[in-house]
Amino acid sequence: MHKQTLTDIVAGLRSKAFSSEEITRHYLDRIAKLDDTYNSFITVTAEQALNQARMADEQLANGEQAPLCGVPIAHKDIFCTTGVRTSCASRMLDNFIAPYDATVVENFNAAGTVMLGKTNMDEFAMGSSNETSWYGPVKNPWNTGCVPGGSSGGSAAAVAARLAPGATATDTGGSIRQPASLCGLTGLKPTYGRVSRFGMIAFASSLDQGGTLTQTAEDSALMLQVMAGFDPKDSTCVDKAVPDYCATLNDSLEGLTIGIPREYFSEGLNPDAETAVRNALAELEKLGATLKEITLPHTGLAVPAYYVIAPAECSANLSRFDGVRFGHRCEEPKDLEDMYKRSRAEGFGDEVKRRILVGTYCLSAGFYDAYYRKAQQVRQLIKQDFVEAFSEVDVIMGPTTTAPAFEFGAKGDDPVAMYLEDIYTISTNLAGLPGLSAPCGFVDNKPVGLQMIGNYFAEAKLLNIAHRFQQATDWHQQLPAVVANGTEG
Amino acid sequence: MKWETVIGLEVHVQLATQSKIFSGASTAFGAEPNTQACAIDLGLPGVLPVLNEEALRYAIMFGLAINADINKRSVFDRKNYFYPDLPKGYQTTQMDHPIVGAGEVEIQLADGNKRTVRIHHAHLEEDAGKSLHEDFHNMSGIDLNRAGTPLIEIVSEPDMRNAEEAVAYARKLHSIVTSLGICDGEMSQGSMRFDVNISVRPQGEREFGTRTETKNLNSFKFMEEAIEKEVARQIEVIEACGADTMEKIQKAITQETRLYNGETGEAKSMRSKEEANDYRYFPCPDLLPVEIDDAYIDVLRDKLPELPDAREARFIEQYQLSAYDASILADEADMASFFEAVCSSSGDAKLSANWCMGELSARLNAEEISIRDIALSAEQLGTLIARITDGTISSKMAKDIFDTLWKSPDKTVDAIIEDQGGGVIADSSELEGMIDEVIANSDKQVENYRKATEDKRPKMLGYFVGQVMKLSQGKAEPKQVNEILLKKLNDLL
């Protein structure tokens, strides 16, 4: 039952092959039985889910047409949910229950989905391995000795282990695409402004974007259809019509020009991963696409620029966690300063503190021009690289990550090594472009992904290409052994 | 040494929008703590700001009123610091690209001279909440009702040279923003607050001295006191250390932020420059730059209400008021329109002006209320004045009637006159009867009058007039009383 895609489940519910309560209960049972291993959920909302499922069944019986009525999904624990804890995987928010839903959550509720629970993540979405969570690391269902990637590691592991058919996620520097690559999933980060950020706890406001982690591109299309759209509550959300993403999934790729940036096949790339990506590109050629080598000359500056801008924004975004109004407050503060210092020292983990410090430093008097202003200039150059590239090609492709999933602790002592994990994904966020990672092969029995970068608001094109690719290949249908052979039940 | 004072003002004006600058919560004053703070004002996780366009329009209107450049692209920045009444840990403000650029206002001084004060810029920002340090048993309370109230901060050039000019400038801004209807002008509720930058230098010196900033003054009176005290303090400090060069003079004064307590008259240092925050300003990524075009500005320009200067000129022209009266009455939009209504109802501009500036203003001051909050209508005051001009009542009676009217605004002027036994007694036979009675009961005074030399007699008349007034309960028409009395007393000679 859990081997079904989200698309299958929509069809199954419509044809009454099973009820929402049945499918929901099935996933809840799997979570109860298996998630001790993966730790992909922070909060499981079993009772609420079953209530939602029963309501959905009633609506389905009455011919309800809400697009995802009765479909169980999981939300990354960065999206605020009324009445259900939203922790952002931080001790700081271990006691935080929002009195509002994120717009994304509201949209899914309106579309009739059932929330299974809130998924684990790197604390405040800061990390690429899901090792920074206050609730402990998430394990990769393909190899439990390895990380699932991050920051949306919980959403990725949950879908990979089929504890949920699909999940929401967020991507600030690669936090959807990298875990998608490491867990063998389809991960879509839409154009900045395509999906509302209201109620999505901010890490770096100018880079954060909500998206999806699913088994297939078709599933992504279904979910994005629900998530995308203008929200008057988010000033950076773009008021632009949302196309029918499913309608163009099967469009021909004949005449498609794919740009291959030479900077994305750099020295650090694992040769087997490169082979997998090259094979995938060859497959796309067979489907009618033409490959064209391009250059994105400022790619090398993306990681340093990102690690100025993102921490700078986060240093201000995380100032509200001060122990005054909500969240963690230290015991018996002796005065205001003591309360600030201890509440924040106790509430935040090391990586979050590191970024707050870096960001505070970069914005300080005397350093602003050298760091923040310079980084913003670099950001413009990176954006310009893409604008020029898209005057010649329809889509840009390369690897999502340099290598498959690494072992726990492998990069624990070296933040820079960890930051380089996002070397191929960060530019996309700096430019605000949409990006997608689709499974394209295996290295050491661990999945790797093909990254596709589209022009602004070209999500439909990315989904179309990924779907056609998935029609021609079966990488996305591979299951972790434990899931496939049913040893897990 | 002769010293010259240099003053620049930063004025915070709360904009009278219905809702806050970045949220839909109400801005009404005086609600129970934290009842007008929504998730956005509280800075809860995940919430986002959306600019209230009304606040933007108000800021532009102010810019147009001071002939400023309106910046077609303005940017909101984050000013970072920790304080419990600052929910997000940063204030959203405008740093490098404010909505209103350079402008100027003209002020008038007591000696009739006019001066121009240049305004460097004015920017939009959000107000913080309030910390309440009383009644919480060693803890502080936070009220976030005010958090997110829209402000414009108006930053002047250091163009003022004494407290009088600074107060005149502050009053002028008050007059402009209330006339525009973009601020309620309620100083006691913090609707306008002043930060005063003060320095002194030897007369004739071109370089500035070291300035101090006295923050958060919320009345013209406190501002005047604070300036005078701070100027005296700076001069004393400089003279005490015998500084005789500009460099030494600048060194003598510590650049610092100061507080002035208007209640106690005490001033103290809050923090020095070394202790000042590094606010780490950067553009707010949650708000896009504000882009406007000429058409947008033109619509606001066309709808701009009458400004105080124009109104003053019109009052002189239309009502033949003196420049002084016109400047007082035209200053505040509410008073100006009240005056005009009184005028049209009374038909006598000069008397209307006198009553508005005299009796009415005295009453407003005594009771510390705004003209918007009084029950007395302009029509009632107009009728009262009309009864003076038509001779029904005397000015003195009018004051008593005004008093009654103030307490019982539901009554009509004519009903009160009736209640008080009618208007002026001008009937000569009635007056003669009263005068006869007074003379009959004043044998001693009549005797004295008769014996007195002619030059002393007019003075002695006062007693008789007083008695008649007493007898008539103040209603006897004085001119006639005088005439009849004089005649009757002279008949007795």
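Just so you know, these numbers use all the heavy atoms, side chains as well, and skip hydrogens, waters and symmetry mates. A note on names: the letters A, B, ... follow the listed sequences, proteins ahead of strands, and every chain is numbered from 1. In this text the structure is predicted, and so the values were computed from the model without any measurement.
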Selection from Pro232(A), Gly327(A), Gly199(A) maximising heavy-atom pairs under 4.5 Å formed with chain B: Gly199(A)
Distance-minimising heavy-atom pair for Val50(B) and Asp234(A): CG2-N, 4.3 Å
Pro49(B) to Ser235(A) - nearest heavy-atom pair and separation: O-OG, 2.8 Å
More than 12 heavy atoms from other groups under 6.0 Å of CD on Gln189(B): yes
Inter-chain contacts: residues 278-298 of chain B against chain A, heavy atoms under 4.5 Å: Asp278(B), Arg280(B), Tyr281(B), Phe282(B), Pro283(B), Pro285(B), Asp286(B), Leu287(B), Leu288(B)
Residues of residues 72-88 of chain B near chain A, each having a heavy atom less than 4.5 Å away: Arg78(B), Asn80(B), Phe82(B), Tyr83(B), Pro84(B), Pro87(B), Lys88(B)
Interface moiety of Ala365(A) toward chain B, non-hydrogen atoms closer than 4.5 Å: both
Exercise: identify the closest heavy-atom pair between Leu48(B) and Lys233(A): CB-O, 3.6 Å
Which atoms of Thr360(A) approach chain B - backbone, side chain, both or neither, heavy atom under 4.5 Å: both
Residue pair Ser319(A) / Gly89(B): nearest heavy atoms and the distance that separates them: CB-CA, 3.7 Å
Under 4.5 Å from any heavy atom of chain B - which part of Tyr368(A): side chain
Proximal to chain B - members of residues 328-345 of chain A, heavy-atom separation under 4.5 Å: Leu336(A), Tyr340(A), Arg344(A)
Members of residues 85-101 of chain A whose heavy atoms come closer than 4.5 Å to chain B: Leu93(A), Phe96(A), Pro99(A), Tyr100(A)
Leu42(B) side, atom CG; Arg320(A) side, atom CZ - distance, nearest 0.5 Å: 10.5 Å
Which of Ser364(A), Ser206(A), Ala204(A), Ala312(A) touches chain B most, by non-hydrogen pairs under 4.5 Å: Ser364(A)
Interface moiety of Phe321(A) toward chain B, non-hydrogen atoms closer than 4.5 Å: side chain
Exercise: identify the closest heavy-atom pair between Tyr90(B) and Asn317(A): OH-OD1, 4.4 Å
Crowding at NZ, Lys383(A) (>12 non-hydrogen neighbours, <6.0 Å): no
Residues, nucleotides or ligands: over 12 heavy atoms within 6.0 Å of Arg211(B) CZ: no
Partner chain B: residue of Ala202(A), Ala316(A), Ser315(A), Cys80(A) with the largest heavy-atom pair count (under 4.5 Å): Ala316(A)
